[in-house]
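Below you'll find the structure, written out as structure tokens, and then a few comments.
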Amino acid sequence: MKALLLVTHSTSSTGGAEGEFTRLILLLKKTYKIYLIIPDGPLKDLYIELSDKYVLVPSRVFQIQAYSLKEYLRFFLISIPKFLKIFIFILKNRENIDACYVNSSVCFVELIPVIFFRIKYILSVKESIEPAFIRKFLFGIYSRTAKKIIVISESLKEKIAYKCNPGLVERIYSSIDEKKYVSAKENFVKKSTPGKQPFVIINIGAFYNLKGQHTLLEALKKFKLTDNVKVIFIGKIVDHNYYNRCLAITNELEVKKSVYFLGEKINSETIQEILNSDCIVITSSREGFSLVLLEGFILEKPVVSTPVGVIPEVVQNKENGFIYNTDDHEKLGEIILSLKNSEELYNRIRVNGLRTYFSIFNDEVAVKNIETVIEQVIKNN
């Protein structure tokens, strides 16, 4: 039986990329021995159980949001012990490894020994690395050493394909666990309270400047408190200065009673919050894909988003969702008001979003397509 080395950037229980990676392991395990480089985290025990061999390493992810030479140097220095553990693990097992699949382009510390030992690898690109000169440097290396590069949107493909040979880059849309979402929707019982129900808006994403939560807070200027609107933010605080800025806007607008910061939630809790909401607002100025869009589609919640990631590829404005320009809180407020005040518009967007999901996305097809790419790389010696 052939063996695969699988590398992921996270074993968090809150993200969609980790769920897709888990489904991929379960599929590949039927055919291959699984060697895993496992970052410490909530899913580590599951990954250990699924692996034939593994090495456990610290969970340190390269910060791609902003350039800081000091932070870059610090990252590489504290990653030396992690690199050595991975190097020794691959050194001991390299003769048995037929190929490697890497779940994120930020895993370049893990990729150094893979490249050094000339192991064939497939790289999945889920994020847009910034600044551009760092992205160009890394993909200059990846384009010369990877056997296949998988991207999760056409926009990402455009950013990196110019560096690559024709045929090296393939687009495979990301996926979510459909059965889990459909089951949650079927078993959901909406919370009910006496009186008129508020229109609930939900925003999901870590708190730092590129996620743009301040735009949604500014959009509340379009509402009066008597309009019965409730806004829920779910996400880890990455940048405390930015989070405090959002709190200050909340206090300035005097909407504290309408805004709730719930922090980081596990995936099942987030699904329940989405089901309890009326619409999803994406405020990011940069995304690799945005799995929140798929969650909105399959759970039948209208999605209002900036033109990031896969959004422009699959969202037709005013048909299956809404697109507004980044930081345009005036337009965002107008869109939310139109959804809140028009039942016909709301239901049309909701129904068309669900149709879009099942016409374009499929979790089984997505992971099977990745498996097919891996098989092709192994066969083409």
Side-chain angles (χ1 to χ4, degrees), residues 10 12-23 126-127 152-153 172-191 199-207 211-213 216 230-236 260 262-284 287-316 319-323 335-336 339 346-347 349-367:
S10 167
S12 168
S13 59
T14 62
E18 292 82 0
E20 182 180 72
F21 187 70
T22 303
R23 295 194 301 280
K126 292 178 164 60
E127 53 284 300
I152 57 174
S153 69
I172 299 176
Y173 283 141
S174 289
S175 64
I176 56 176
D177 188 345
E178 289 174 15
K179 293 178 181 177
K180 178 171 66 175
Y181 285 85
V182 171
S183 176
K185 185 167 62 173
E186 290 174 348
N187 297 318
F188 174 67
V189 178
K190 188 172 180 63
K191 297 177 184 176
F199 187 82
V200 181
I201 304 159
I202 191 167
N203 175 280
I204 302 166
F207 271 86
K211 289 295 184 180
Q213 288 93 343
L216 178 52
K230 178 179 177 181
V231 179
I232 292 174
F233 291 99
I234 294 177
K236 179 181 179 180
Y260 299 81
L262 302 187
E264 192 173 22
K265 295 282 186 181
I266 62 173
N267 186 247
S268 60
E269 293 173 336
T270 300
I271 291 172
Q272 292 303 306
E273 291 294 342
I274 294 173
L275 287 167
N276 267 312
S277 73
D278 293 292
C279 79
I280 295 173
V281 171
I282 298 170
T283 51
S284 303
E287 289 280 356
F289 186 84
S290 189
L291 288 171
V292 176
L293 172 70
L294 303 193
E295 293 176 322
F297 277 169
I298 201 166
L299 296 178
E300 299 182 67
K301 304 297 177 180
V303 176
V304 183
S305 178
T306 50
V308 293
V310 77
I311 303 291
E313 297 170 35
V314 298
V315 172
Q316 294 179 318
E319 291 299 322
N320 59 353
F322 284 92
I323 299 177
I335 293 170
I336 294 172
L339 279 172
Y346 183 93
N347 286 328
I349 299 295
R350 176 181 63 80
V351 171
N352 287 342
L354 184 63
R355 287 174 181 161
T356 301
Y357 180 89
F358 285 110
S359 66
I360 298 178
F361 304 100
N362 181 289
D363 60 341
E364 291 183 2
V365 171
V367 294

So CG of L262 and CD of E269: to nearest 0.5 Å the spacing works out to 9.5 Å
Heavy-atom nearest pair, I323 first then P312, reads CD1-CA, 4.4 Å
task: State, with a plain yes or no, whether a side-chain heavy atom of Y260 is found less than 4.5 Å away from one of V200.
output: no
Do D177 and D363 have side-chain heavy atoms sitting under 4.5 Å apart? yes
Across all chains, not counting sequence neighbours, the ring-ring contact (aromatic ring centres under 6.0 Å, His included) partners of F233 are F207, F261
Rounded to the nearest 0.5 angstrom, the CD-CD1 distance for E273 and I232 is 5.0 Å
Residue set satisfying side chain to side chain donor-acceptor pair (under 3.5 Å) with S153, at least two apart, ordered chain then number -> S155
Taking the side chain as C-beta and beyond, is there a heavy-atom pair between L339 and I336 under 4.5 Å? no
Interatomic distance, CD1@I204 vs NZ@K265, rounded to 0.5 Å, equals 12.0 Å
Q.
Ring-plane angle category for Y173 and F361, please: parallel below 30°, perpendicular beyond 60°, tilted otherwise.
A. tilted
Counting distance only, does the side-chain N/O of E178 pair as donor-acceptor with the main-chain N or O of E364 below 3.5 Å?
no
Nearest heavy-atom contact between L291 and S175 is CD2-O, 3.9 Å
*Short side-chain to backbone donor-acceptor contact, Y346 and D278, under 3.5 Å*: yes
- Keeping the roles fixed (side chain from S183, backbone from K179), state whether a donor-acceptor pair exists under 3.5 Å. no
TODO: Check step by step if side-chain contact (heavy atoms from CB on, under 4.5 Å) holds for Y357 and I176.
DONE: CA-CA 11 Å; Y357 180 89; I176 56 176; 3.7 Å; yes
Taking every heavy atom of K211 against every heavy atom of A206, the minimum-distance pair comes out as CG-O, 2.9 Å
One should read off an interatomic distance between L293 CG and S305 OG, to the nearest 0.5 angstrom, of 7.0 Å
Nearest heavy-atom contact between A366 and E20 is CB-OE2, 4.5 Å
In this structure, CG of L354 is separated from CG of N320 (nearest 0.5 Å) by 11.0 Å
So CD1 of I202 and CD1 of I274: to nearest 0.5 Å the spacing works out to 5.5 Å
Scanning both residues in full, the closest heavy-atom pair of E18 with S10 reads OE2-OG, 2.7 Å
Is any side-chain heavy atom of I271 less than 4.5 Å from a side-chain heavy atom of K180? yes
Can you give me every donor-acceptor pair (side chain of residues 295-304, partner residue at least two apart or in another chain, under 3.5 Å) with its distance?
residue: E295; atom: OE2; partner: Y181; partner atom: OH; Å: 2.5
residue: E300; atom: OE1; partner: R350; partner atom: NH1; Å: 2.5
residue: E300; atom: OE2; partner: K185; partner atom: NZ; Å: 3.0
residue: K301; atom: NZ; partner: L275; partner atom: O; Å: 3.2
residue: K301; atom: NZ; partner: S277; partner atom: O; Å: 2.9

